[in-house]
Amino acid sequence: MIELRKAGPGGVNWTQSNSLRDSYFTLCVTPTGRIITGSSYGIWYSDDNGINWTQSNVTSGYWQSLCTISTGRIIAVNDSSGIWYSDDNGLNWTQSNKTDGGWYSLCVTSTGRIIAGSYNNGIWYSDDNGVNWTQSIKAGGSWYSLCVIGNRIITGGYEGIYYSDDNGESWTRSNKTDITWRSLCVTNTGKIIAGSSSSNGIWYSDDNGVNWTQSNKTDRGWYSLCVTNTGKIIAGSSNNNGIWYSDDNGVNWTQSNKTDRDWYSLCVTSTGRIIAGTRGAYGINGIWYSDPEPDVYAREKYLDQNGAQEIITQFKAYCDAKVGA
């Protein structure tokens with residue numbers, strides 16, 4: 001296939017969707033492409049790539065985290081009413097046996113075990129697709145973020161960053177023993193990125209979460225992280241500091257055209273669109289999106305004579321290969 005226009009990874013410019021009211025704490029994309037968000041007014045979904053949003057049958061509560069499992073079931077945690085699940089792509093929700101409050105993070109391991117991090121009640125896991133939950137050896141502490149790299153699980157919270165190599169049963173502390181860690185993600189190259197909610201910035205680990213190095217972002221709090229299809233890392237800040245991005249695997253960071261508000265959630269759709277949710281404390285807020293940017297150099301290259309000849313040459317080689325010339 002000959003590519004006439006090359007698309008950049010997005011995350012630089014942002015457009016507001018039609019959702020304006022709530023604080024949006026979490027975002028995820030289902031296998032069907034539906035986008036689900038957990039807000040301060042229930043759970044919502046979008047079937048048009050994040051432009052318009054419809055409310056599910058859950059209309060209250062603060063929904064802090066979402067994840068999908070291999071069966072298509074969606075898991076959601078609430079900071080007041082426990083852990084819930086949906087088997088109809090986010091329309092209707094059923095409560096699990098965890099009906100207490102204080103749940104903030106979720107992830108799914110390579111074996112299909114679901115891990116949930118609580119506020120002040122440790123880390124729990126489920127082996128039956130989120131219906132019943134068992135407490136791990138980490139029975140205390142508050143755990144705001146989780147991610148998986150290979151068979152290792154990483155968690156961040158009030159006590160620093162920990163990791164588990166036995167599917168979430170027991171946990172070992174990394175060299176990050178301070179600060180509150182609100183966000184985690186894994187890059188395309190296997191580097192782990194962690195954002196603190198205090199003024200300690202963004203850090204990265206090249207050894208699967210054991211040791212950590214600080215990036216050039218040493219200020220503010222960082223509540224959300226995601227990685228685009230092309231490897232660009234997007235970070236959402238608190239303290240009304242906007243959305244930032246990194247093109248060098250999390251070492252250096254540049255601010256996008258969103259320079260204000262708090263950004264609590266991020267996700268990337270199959271089309272490469274980045275979705276971001278704000279906290280509702282700064283007037284007009286809601287959910288925003290950013291699309292891949294056209295690469296101007298690539299477009300201009302194919303408009304000149306050399307570019308035209310390159311297309312002809314490539315197309316001839318493609319046709320010759322197909323007919324066996």
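Count residues from 1 along the sequence.
Gln95 contributes no side-chain N or O that, together with a main-chain N or O of Gly82, makes up a donor-acceptor pair within less than 3.5 Å. The closest donor-acceptor contact from the side chain of Ser142 to the backbone of Gly157 lies at 3.5 Å or more, if one exists at all. A donor-acceptor pair is defined here as one N or O able to donate and one able to accept, closer than 3.5 Å; no such pair exists between the side chain of Ser80 and the backbone of Gly61.
Between atom CG of residue Asp248 and atom NZ of residue Lys191 there is a gap of 7.5 Å, rounded to the nearest 0.5 Å. We find the CG-CG distance between Asn49 and Asp291 to be 7.0 Å, quoted to the nearest 0.5 Å. Distance check, rounded to the nearest 0.5 Å: CD1 of Ile43 to OG of Ser60 gives 10.0 Å. From Ser17, atom OG reaches atom CD1 of Ile275 across 8.0 Å, with rounding to the nearest 0.5 Å. Rounding to the nearest 0.5 Å gives a distance of 8.5 Å between OG of Ser270 and CD1 of Ile35. Taken from OG1 in Thr155 to CD1 in Ile153, the straight-line distance is 9.0 Å, to the nearest 0.5 Å.
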*Which is it for Ile154 and Val148 under the side-chain contact (heavy atoms from CB on, under 4.5 Å) test, yes or no, and what are the steps along the way?*
CA-CA 6 Å; Ile154 315 290; Val148 176; over 6 Å; no
*Run the side-chain contact (heavy atoms from CB on, under 4.5 Å) check on Thr68 and Cys28 step by step: do they pass?*
CA-CA 8 Å; Thr68 61; Cys28 79; 4.2 Å; yes
_From CA spacing to verdict: side-chain contact (heavy atoms from CB on, under 4.5 Å), Asn200, Lys176_ = CA-CA 11 Å; Asn200 202 28; Lys176 287 313 298 171; 4.1 Å; yes
*Run the side-chain contact (heavy atoms from CB on, under 4.5 Å) check on Gln135 and Asn121 step by step: do they pass?*
CA-CA 9 Å; Gln135 193 167 39; Asn121 194 28; 3.6 Å; yes
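Here the closest heavy-atom approach between residue Gly209 and residue Ile192 is recorded as N-CD1, 3.5 Å. The heavy-atom pair separating Leu225 from Cys185 by the smallest distance is CB-SG, 3.8 Å. The minimum heavy-atom distance between Leu146 and Ser105, with the atom names listed, is CD1-OG, 3.5 Å. Looking at every heavy atom in both residues, Ser290 comes nearest to Gly10 through OG-C, 3.9 Å. Here the shortest heavy-atom pairing between Ser56 and Gly90 reads CB-O, 3.2 Å. Closest heavy-atom contact between Gly42 and Gln55: CA-NE2, 4.4 Å.
Looking only at side-chain heavy atoms (C-beta outward), Tyr104 and Phe25 stay at 4.5 Å or farther from each other. At a threshold of 4.5 Å between non-hydrogen side-chain atoms, the residues Asn175 and Val210 do not count as touching. In this structure, Asn129 and Ile69 have side chains that are in contact, with non-hydrogen atoms separated by less than 4.5 Å. Residues Trp133 and Ile83 have side chains in contact (heavy-atom distance under 4.5 Å, counting atoms from C-beta outward). For the pair Val268 and Val227, the minimum side-chain heavy-atom distance is 4.5 Å or more. A 4.5 Å side-chain heavy-atom check between Thr54 and Trp44 finds every atom pair outside the cut-off. Leu91 has its side chain out of reach of Asn57: every pair of non-hydrogen atoms, C-beta onward, lies at least 4.5 Å apart. Looking at Tyr264 and Thr278, their side chains never come closer than 4.5 Å, going by heavy atoms from C-beta outward.
By the salt bridge (Lys or Arg N to Asp or Glu O under 4.0 Å) test, Asp87 is found to be paired with Arg73, residues two or more places apart in sequence or in another chain being considered. Every residue was checked against the salt bridge (Lys or Arg N to Asp or Glu O under 4.0 Å) condition with Asp48, not counting sequence neighbours, and none meets it. For Asp260, the salt bridge (Lys or Arg N to Asp or Glu O under 4.0 Å) test picks out Lys258, with sequence neighbours left out. Partners of Asp100 under the salt bridge (Lys or Arg N to Asp or Glu O under 4.0 Å) rule, at least two apart in sequence or in another chain, are Lys98.
Defined by atom type and a distance below 3.5 Å, a donor-acceptor pair is missing between the side-chain atoms of Asn252 and Ser246. Judged by distance alone, the side chains of Ser164 and Asp166 do bring a donor and an acceptor atom under 3.5 Å apart. Under the 3.5 Å distance criterion, with hydrogens and angles disregarded, a donor-acceptor pair is assigned to the side chains of Thr111 and Thr109. Side-chain contact of Asp262 with Ser238: a donor-acceptor pair under 3.5 Å is absent, judged by distance alone. With 3.5 Å as the limit, one finds a donor-acceptor pair spanning the side chains of Arg173 and Tyr162.
Linking Ile, Leu, Val, Met, Phe, Trp and Tyr whenever their side-chain heavy atoms come within less than 4.5 Å puts Ile51 and Trp53 in one cluster. Trp124 and Ile114 fall within the same hydrophobic cluster, defined by Ile, Leu, Val, Met, Phe, Trp and Tyr side-chain heavy atoms under 4.5 Å apart, directly or through other members. Put simply, Trp263 and Trp222 are part of two different groups of oily side chains (I, L, V, M, F, W, Y) that touch within less than 4.5 Å, one to the next. In the hydrophobic clustering of this structure, Trp143 does not group with Trp103; members are Ile, Leu, Val, Met, Phe, Trp, Tyr whose side-chain heavy atoms approach within less than 4.5 Å, directly or through other members. Ile123 is not connected to Tyr163 by any chain of hydrophobic side-chain contacts under 4.5 Å among Ile, Leu, Val, Met, Phe, Trp and Tyr, and they are in different clusters.
Pairs of residues two or more places apart, or lying in two chains, that qualify as salt bridge (charged side-chain N to carboxylate O under 4.0 Å, His left out) and include a residue from residues 129-144 are Lys138-Glu159. Counting only residues at least two apart or on different chains, the ring pair (Phe, Tyr, Trp, His ring centres under 6.0 Å) pairs with a member in residues 70-97 are Trp63-Trp84.
Taking a 6.0 Å sphere around CG of Asn151, one finds it holds 12 or fewer heavy atoms contributed by other residues, nucleotides or ligands.
Note: Tyr144 and Tyr119 have tilted aromatic rings, judged against thresholds of 30 and 60 degrees for the angle between ring planes.
Between Ile36 and the options Val29, Thr26, Leu66, Leu27, a side chain to side chain contact (heavy atoms under 4.5 Å, CB included) holds for only Leu66.
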